[in-house]
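One structure, as structure tokens, below. Some questions next.
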There are 2 protein chains.
Amino acid sequence: MIDPRILSGFRDYLPEAMMPREQLIETARRVYRSYGFAPIDTPALEYREILLGKGSEETDRQLYLFEDHGGRQVGMRFDLTVPLARFVAQHIHSLGQPFKRYHVGVVWRGERAQRGRYREFMQCDFDTIGTTSVAADIETALVINDLFEAIGFDRFQIHLNNRQLLNGLLEKLDMADQAVVVLRALDKLAKIGRDRVAEEMTATSGASVEQVRRVLEFAEVSGENDDALSKLEPIVAGSEVGQVGLARLTEILAGLKAAGVPQRRVKLDVSIARGLDYYTGAIFETFLDEMPEIGSVCSGGRYDDLANLFTKQQLPGVGASLGLDRLLAAMEALGKIEPVRTPADVLIPYFDAQRLNEYLALAAQLRAAGLGVEVYPDPKKLGQQLKYASERGFRAAVIAGEDEFSGQRVQVKDLAKRTTSDISVAAGVDELVAALQAVVR
Amino acid sequence: MIDPRILSGFRDYLPEAMMPREQLIETARRVYRSYGFAPIDTPALEYREILLGKGSEETDRQLYLFEDHGGRQVGMRFDLTVPLARFVAQHIHSLGQPFKRYHVGVVWRGERAQRGRYREFMQCDFDTIGTTSVAADIETALVINDLFEAIGFDRFQIHLNNRQLLNGLLEKLDMADQAVVVLRALDKLAKIGRDRVAEEMTATSGASVEQVRRVLEFAEVSGENDDALSKLEPIVAGSEVGQVGLARLTEILAGLKAAGVPQRRVKLDVSIARGLDYYTGAIFETFLDEMPEIGSVCSGGRYDDLANLFTKQQLPGVGASLGLDRLLAAMEALGKIEPVRTPADVLIPYFDAQRLNEYLALAAQLRAAGLGVEVYPDPKKLGQQLKYASERGFRAAVIAGEDEFSGQRVQVKDLAKRTTSDISVAAGVDELVAALQAVVR
């Protein structure tokens, strides 16, 4: 006998966890599609050379690498961005540009196992490749807005930044080559405070007191969006890249307003950095008002050149990634997930052992009317079947025994309210369908 | 520069291949759910000992096995049945019985690469665990019927058999211990003919001429379902297990009829064997009338004990698996797949460079009305944008330049019919939505 167990850092999804996950993925797909993003998929396994060195040193260490049957060095994908770069470089001529894709897929990282960190998880990305237009930046934020609305959130905030602002300032301060270490220090601002960030910046970039002061003055710009824009103007004045960045941010804010995104949902926030050197333009993070402490649940940004390791063709793009697991954890904590273990709303107990075919026929009629209907497979005691129905989360039960069949009537039990009503099926199932729809809604 | 390539036997899915695949999976999910099957998921990686020896010698050889970061011997799942057995054995106490699950997931087999055989493919299974009731057998065939109808097929046939028939006959012939070799020979009946099957059976099972004759007489029973049932009666007469099998088949046929499955879609077929010793009761295969040569596109059956390698608890069940890739290939060959590369129906060309925000606002209004709308991201020449729209498979374009905006009118282009109509948006987008819906339908 073999012990049935799973590997540490991996998860089984039971129905009560899988159903909201599937629903969330379906919602994301629907929203992505409504903007013209098309699905793609890529293999779980890639050549080792495709994967290695494309993420950080940390992701390199976490790669699942091995030799396959043909002696090839292969690895399991650790994100969907490297496969996207490889995919686009390989297929761009048949894909055409602009190319808008979404990709929902599992990725693997051999992380040290710890609470809330998994070695297998799902990513849910969308990107627009082949355009530098601000239209695609605006659309990225619009998708995020529609996505969270469609999931059922009203109170969330999309934080916007543009890497060109800091680049412009650093250019003015003659620190353009220090961008990575400056960003690394700034990234800790919320956590360790301005004095320690200043210390680190001085130590790693060799910046003067005045340089540090001006970088921090920038990083601490806050206030309403219009107010923040005005404060940023003098900071980037004189730097072309900085001014371009500020103009793009202004256009994004105007575009989101024009497309009807509530102003409270959009916040200019120069403190967000995301990916030290990956993003080159707009940056997006998304926070839930009710649970900001879990961090960004949908993040992304603009990049100049997606696939420069695989092709000489420059492929600019912009996109974002939904933090599926983090969001599901938040939704559960916020009580936004119903603890249900069945996708069907209606159970038909197998009550009269002689009438299986009549139950099957009734179920077929109700399904044809759009209801989800399970027929209990064994003619056990009714109480036992109703207990099963309640435990699984069915909403209604349709009960029919000999008396009911001969009278052409059935009983509809509302399992939540614990009420029963008597419905005629003499003239067909229309009345029954209506009664069930009233219960399951 | 790294050559962007994928491993042999693996595939990239471009949008035109991925969209019908996603649609098919969604259809399967919807049908499975409508019967109360709930989704689960399991890890791609399992302990080697869980996977090894659970399939055939062939699948063992094809396993992707390696050592992970923690020195554990692991492998990638090669089907969804072994993970289901492990999963159910591990969680049955919290899952309860009956347990109805579906599982859509990728599996990996390091097969020798050849045309139409892949090392990574998707499975799409549904099973009912924890009941021996014929209700679950009938339901399995009902799901198959609804599934193919929902996919858009009318002409298909579900072939039914029951392993107990042959078991009963072999029992009568004192050949009960020869079931595996007899099945292996019978499985080749269509391919190599009765004489060579008889030879093989004699050689491998040591059967007498009379025994071989009676086995072949059984295997060649054909005709209309009622006719075939009558022919089978004397063949299994005197064997309890054979008679039980025949009674179950009769009940399944009656149940399918009661639930409204057209009679032409159900065929009793004692020649189907499937899985030499895995299935123990009902067996299902599904053939497309228009393309029988591709073989069964949805197959399954009943088994006595799903997880006997992982638990002492006996877990009978029944289920089937949709042959996703085979079905997609058939649908493509039958012209049932539209060659479309966008999930959105409507393109709004970015025509007047100054009016991006108006295009974004219009798109938002159309999306709110349920339309899929892409805004072209760059203000290129209109002809170029319309060419893009046609090539991707958009159905309609909404064109508005300065004249249109000032007159509060837009042009709707039907890209297939190459017609244009002029629509007023002075009083809102209702008229435009109606015009677009008429085109995209």
Side-chain angles (χ1 to χ4, degrees), chain A residues 2 4 6-7 10 12-15 18-19 22 33-36 38-45 47 49-50 66 68-69 72 74 86-87 89-91 98 106 110 120 128 131 133 135-136 138 254-255 258-260 309-310 341-344 350 356-357 360-361 364 367 372 374-375 377-378, chain B residues 2 4 6-7 10 12-15 18-19 22 33-36 38-45 47 49-50 66 68-69 72 74 86-87 89-91 98 106 110 120 128 131 133 135-136 138 254-255 258-260 309-310 341-344 350 356-357 360-361 364 367 372 374-375 377-378:
Chain A
I2 296 160
I6 59 170
L7 290 157
F10 288 78
D12 278 332
Y13 287 88
L14 274 66
M18 192 63 191
M19 284 196 289
E22 256 194 2
R33 284 181 197 154
S34 76
Y35 280 81
I40 69 163
D41 203 5
T42 68
L45 296 181
Y47 278 102
E49 61 174 12
I50 301 281
F66 60 98
D68 79 0
H69 303 80
R72 286 168 288 253
V74 303
R86 195 267 307 146
F87 177 96
Q90 197 171 339
H91 303 294
V106 175
E120 175 179 68
T128 302
T131 176
S133 167
I138 297 169
L309 292 158
F310 304 111
R341 295 156 64 198
T342 173
Y350 185 179
L356 174 60
N357 287 351
L360 293 173
R367 272 184 217 112
E374 176 169 331
V375 177
D378 295 284
Chain B
I2 296 160
I6 58 171
L7 289 157
F10 287 79
D12 279 333
Y13 286 89
L14 274 67
M18 192 63 191
M19 283 195 290
E22 254 194 4
R33 283 180 198 155
S34 75
Y35 280 81
I40 68 161
D41 203 5
T42 68
L45 297 180
Y47 278 103
E49 62 174 11
I50 300 281
F66 59 98
D68 79 359
H69 303 80
R72 286 168 288 254
V74 304
R86 194 269 304 147
F87 177 96
Q90 196 171 342
H91 302 294
V106 176
E120 175 179 69
T128 303
T131 176
S133 168
I138 298 169
L309 292 159
F310 304 113
R341 295 156 64 199
T342 173
Y350 184 178
L356 174 61
N357 287 351
L360 294 172
R367 273 184 216 111
E374 177 170 329
V375 177
D378 295 283

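Reminder, nothing fancy here: chain letters follow the sequence lines and each chain counts from 1.
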Identify which part of B/E120 has an atom lying under 4.5 Å from any heavy atom of chain A, answering side chain, backbone, both or neither.
-> side chain
Chain A contacts, top residue of B/E22, B/R341, B/M19 (heavy-atom pairs, under 4.5 Å) =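 Going by pairs under 4.5 Å, I would pick B/E22.
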Select one option (side chain, backbone, both, neither) describing which atoms of A/L356 are under 4.5 Å from chain B's heavy atoms.
-> side chain
Please determine, among A/Y47, A/F10, A/F310, the option with the most heavy-atom pairs under 4.5 Å with chain B.
->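 Sorted descending by pairs with chain B, the first entry is A/Y47.
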Note, A/L7 side chain near B/V74 side chain (heavy atom, < 4.5 Å) =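 Answer yes - side chains close enough.
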Residues forming a ring-ring contact (aromatic ring centres under 6.0 Å, His included) with A/F66, sequence neighbours excluded = B/F66
Measure B/R33 against the heavy atoms of chain A and call it side chain, backbone, both or neither at under 4.5 Å.
-> both
When A/G260, A/A364, A/A136, A/P377 are compared by non-hydrogen pairs under 4.5 Å with chain B, the top option = A/P377
Sequence neighbours excluded, which residues qualify as ring-ring contact (aromatic ring centres under 6.0 Å, His included) partners of A/F87?
->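 Here the qualifying residues are A/H91.
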So, the part of B/V106 with a heavy atom under 4.5 Å from chain A: the answer is neither
By a 4.5 Å heavy-atom criterion (distance strictly below it), what part of B/Q90 contacts chain A: side chain, backbone, both, or neither?
-> both
Side chains of A/I50 and B/I2 in contact at under 4.5 Å (non-hydrogen atoms) = yes
Pick from B/G372, B/A344, B/G36 with the largest number of heavy-atom pairs that fall under 4.5 Å of chain A | B/G36
Side chain / backbone / both / neither for B/R72 at chain A, heavy atoms under 4.5 Å = side chain
For each of A/A135, A/A89, A/P39, tally heavy-atom pairs with chain B at distances under 4.5 Å, and name the one with the top tally.
-> A/P39
Among A/A254, A/P4, A/G255, residue most engaged with chain B (heavy-atom pairs, under 4.5 Å) = A/P4
Could you look at B/L360 and say if it's the side chain, the backbone, both or neither that has a heavy atom under 4.5 Å from chain A?
->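 For B/L360, heavy atoms of backbone and side chain both lie under 4.5 Å from chain A.
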Looking at B/A38, B/A259, B/P43, which has the largest count of heavy-atom pairs under 4.5 Å with chain A?
-> B/P43
Pick from B/S133, B/A361, B/G110 with the largest number of heavy-atom pairs that fall under 4.5 Å of chain A =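 Option with the top pair count is B/S133.
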Count the heavy-atom pairs under 4.5 Å between each of A/I6, A/V375, A/T42, A/D68 and chain B, then report the option with the highest count.
->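 The option with the most such pairs is A/I6.
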Separation of A/D41 CG from B/D12 CG (nearest 0.5 Å) |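 Reported to 0.5 Å precision, the distance equals 8.5 Å.
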